Amino acid sequence: MVAVRVEKRRAKEVLEILKEKDLLDGKRKPIRDGNYVFFPVTNGELAKSLGLEVVDISLPMRPERQIYKNLADLLPKDIVERLGRLDVIGDIAVITIPEELMDRVEIVAQAIRKLYPQVKVIARRGFHEGKYRVRKLEVIWGEDRLETIHKENGVLIKIDLASVFFNPRMKGERYRIAQLVRDGEKILLPFAGVLPYALVIARMREVKITAVELNPRAVELAYENIELNKRWLKGKIEVIHGDVFKVLQELPEFDRVISPTPKGVDALSLALSKAKKYLHYYDFIHEDEIEAFRDRIIEECRRQGKECSVKVKKITDYKPHVYKVCADVEVKQNR
Ligand SMILES: C[S@@+](CC[C@H](N)C(=O)[O-])C[C@H]1O[C@@H](n2cnc3c(N)ncnc32)[C@H](O)[C@@H]1O
């Protein structure tokens, strides 16, 4: 089996070349011997044509599941450093690629496919747009579709990334909230999307959830998702298609309100007014403003005649110094 033999002092540089040309054989491990490093390659002739010394040598195999851990194992440093976040949603990989790397998109796509062989579509991430908070995505490799089924916390979530919001990085947060919920609770979920929170909670707890969503496509998928998961849901989910700011006026108080508020929308007063015991209110806050955010919630509680304790938790970073946060509000029951 062939490998490239290179002096130790040139090893880093040659490794980058091998990654760039997609020549590195990830199934075998490189070895060091004295002053030389041997890199396993998939094509000796091509390596030779690059002026590299190619030798016949047997190198140890890597364990199957540890072949590649991340894109840095597969791509040259100058590319990896400029790539943004990579998420895998069902069988769709979504990656942030800056404009100046668009002429290297082929090798990025190849690396993603090696890392995630199950992926059938690779899409380039744009920004969230409009009131439905849908992300602009461009398919750069694979099947021309943005619909998929994602597995998370024991539920299946059908998503159409072309027309609804979904963030797989909130998986841990959804689990955290589900753990706080107790059997028997009545829960209100404004801004419910395709129901990721509702499904995860209903999977784990015997509760009644009322979910409100405005985007008609998200509502359609919400119903499909209830159907997809019905065999293992302990809780019940009712979906209301409508505007949170109108629908909630007609609804009573709930034990718990969970508001995954869209960016730029202020639903604090309304969501709190519907919370008998607990409110989990999400917002995007600069790190210097977290105390002020907490004070604003306490002030709103006072205004509504509620005595509350408020803890604000950073959930994910949104942009430098700005976080998606969750205010966990507990309404004291002695009123
Ligand atoms: C940040 S996303 C959260 C979606 C979902 N909860 C999740 O975590 O994936 C906000 C959702 O609120 C919906 N939305 C925006 N304005 C709304 C309104 N006035 N009434 C109801 N839903 C609204 C959007 O369509 C979107 O699905």
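As the structure is a prediction and not an experimental result, all values here were calculated from the model. Indexing begins at 1, ligand by ligand and atom by atom, following the structure's order.
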List the steps, then state whether salt bridge (Lys or Arg N to Asp or Glu O under 4.0 Å) holds for Arg174 with Glu152. CA-CA 10 Å; Arg174 289 189 265 270; Glu152 176 200 297; 2.9 Å; yes

Given the rule that I, L, V, M, F, W and Y join up when any side-chain heavy atoms are under 4.5 Å apart, are Val312 and Ile315 in one cluster? no

With Asp91, which of Lys120, Lys151, Arg145 fulfils salt bridge (charged side-chain N to carboxylate O under 4.0 Å, His left out)? Arg145

Please could you name the atoms of ligand 1 that Tyr132 approaches to less than 4.0 Å, counting only its heavy atoms? 24 (C), 25 (O), 26 (C)

So which bit of Ala192 gets within less than 4.0 Å of ligand 1, heavy atoms only: side chain, backbone, both or neither? backbone

Starting from Val257, can I reach Met170 by hopping between I/L/V/M/F/W/Y residues whose side chains sit under 4.5 Å apart? no

Plane angle bin for Tyr278 and His280 - parallel if under 30°, tilted between 30 and 60°, otherwise perpendicular: parallel

Go through the steps to decide whether Asp266 and Asp283 satisfy the test side-chain contact (heavy atoms from CB on, under 4.5 Å), and finish with yes or no. CA-CA 9 Å; Asp266 183 353; Asp283 209 336; 6.0 Å; no

Over all atoms of both residues, closest heavy-atom pair of Lys274 and Lys306: N-NZ, 4.5 Å

among protein heavy atoms, the one nearest atom 15 (C) of ligand 1 is Lys131 O, 3.2 Å

Which option, Glu213, Arg133, Glu173, owns the non-hydrogen atom nearest atom 24 (C) of ligand 1? Glu213

Report yes or no: does a heavy atom of Pro190 sit under 4.0 Å from some atom of ligand 1? no

Nearest heavy atom to atom 2 (S) of ligand 1, choosing from Tyr282, Tyr197, Phe165, belongs to Phe165

Closest non-hydrogen protein atom to atom 14 (N) of ligand 1, residue and atom name please, with distance? Phe191 CD2, 3.7 Å

Side chain or backbone, does Val212 bring an N or O within less than 3.5 Å of an N or O on ligand 1? no

Look at the side-chain heavy atoms of Ile, Leu, Val, Met, Phe, Trp and Tyr, link any pair under 4.5 Å apart, and say whether Val139 and Met102 land in one connected group. no

If we number the atoms of ligand 1 from 1 as shown, the ones under 4.0 Å from a heavy atom of Asn215 are 25 (O)

Is it true that Arg174 lies under 4.0 Å from ligand 1, counting heavy atoms only? yes

Kindly identify the option in Val134, Asp243, Leu189 whose heavy atom sits closest to atom 18 (C) of ligand 1. Asp243

Return the closest protein heavy atom for atom 20 (N) of ligand 1 as residue, atom name and distance. Val244 N, 2.9 Å

Please write down residue, atom name and distance for the protein heavy atom closest to atom 22 (N) of ligand 1. Leu214 N, 3.2 Å

Among Ile97, Thr96, Ile95, exactly one meets side-chain contact (heavy atoms from CB on, under 4.5 Å) together with Arg124. Which residue is that? Ile97

Going by the order shown, which atoms of ligand 1 are within less than 4.0 Å of some heavy atom of Gly242? 20 (N), 21 (C)

Nearest neighbour of atom 7 (C) of ligand 1 from the list Pro196, Gly193, Pro260, on a heavy-atom basis: Pro196

Is any side-chain heavy atom of Arg135 closer than 4.5 Å to a side-chain heavy atom of Leu161? no

